[in-house]
Amino acid sequence: MPYTLPTLPYALNALEPVIDAKTMEIHSQKHHAAYVNNANKALEGTPFADLPAEQLITRLNDLPADKKGPLRNNAGGHVNHSMFWQIMAPPGKGGGGEPTGDLAAAINAAFGSFAAFKEQFAAAATSRFGSGWAWLCWHAGEGKLKVCSTANQDNPLMGEAIAGCGGTPILGLDVWEHAYYLHYQNRRPDYITAWWGVVNWPKVAELLTAAKAGK
Ligand code: MN
């Protein structure tokens with residue numbers, strides 16, 4: 001099988017009280033697993049099964065017409081969730097606080113301040129109608145960070161024409177109801193506010209370094 005469900009870098013209850021263990025269990029072991037299984041089914045018998053998912057989703061237009069939709073959704077879902085687990089950490093144990101170093105400088109350069117960045121990111125996450133993601137992306141051409149949001153399981157790596165925004169994502173927030181509904185019900189803004197308490201800024205800084213290096 002081309003793709004495998006990654007092991008979480010922490011226990012299911014490690015992100016409490018921000019994200020409850022039941023949500024983490026269903027989200028990581030059911031929803032993410034379904035994206036992996038469905039992507040693997042769609043990849044069967046194609047010459048694309050050897051490509052890492054992050055590369056495959058940059059080439060959706062090269063796929064046979066009947067594979068494009070399923071892989072946009074499911075390889076997209078696999079890439080998005082694989083990143084999501086990595087850029088979170090238990091509150092106070094790697095999660096929360098503020099970015100430092102290069103990442104802090106890039107955020108300040110693009111948004112003016114960390115507070116202004118959080119406001120813009122939260123607005124993107126709140127205003128995404130229905131299911132989707134909010135992103136912080138490195139734009140190599142302009143040498144700056146930008147915030148955007150995508151629908152469903154689209155990822156900026158799919159490119160502007162498909163996803164509606166581009167760049168290399170270094171932070172993503174899942175705003176599908178399955179990500180928060182058990183604990184927050186309809187209160188998406190409360191989930192977004194609480195979520196800052198589990199963001200793994202050192203990991204995001206690593207992803208910025210990799211994005212700048214073109215990796
Ligand atoms: Mn999700």
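Indexing begins at 1, ligand by ligand and atom by atom, following the structure's order. As a basis for the values below, the full set of heavy atoms in this structure was taken, side chains included, without hydrogen atoms, waters or symmetry mates.
Considering N38, N40, N37, V79 in turn, N38 is the only one that fulfils the side-chain contact (heavy atoms from CB on, under 4.5 Å) rule with N74.
With respect to the Mn ion (ligand 1), H27 has NE2 as its nearest N, O or S atom. Summary: OD2 is the N/O/S atom of D174 found nearest to the Mn ion (ligand 1).
Here the shortest heavy-atom pairing between T4 and H78 reads O-CE1, 3.4 Å.
Under the 3.5 Å distance criterion, the side-chain polar atoms of T46 are left unmatched by any main-chain donor or acceptor of A42.
At the Mn ion (ligand 1), the vertex angle linking NE2 of H178 with NE2 of H81 is 140° (nearest 10 degrees).
Cation-pi geometry between K212 and W138 is met: under 6.0 angstrom from the ring centre, within 45 degrees of the axis.
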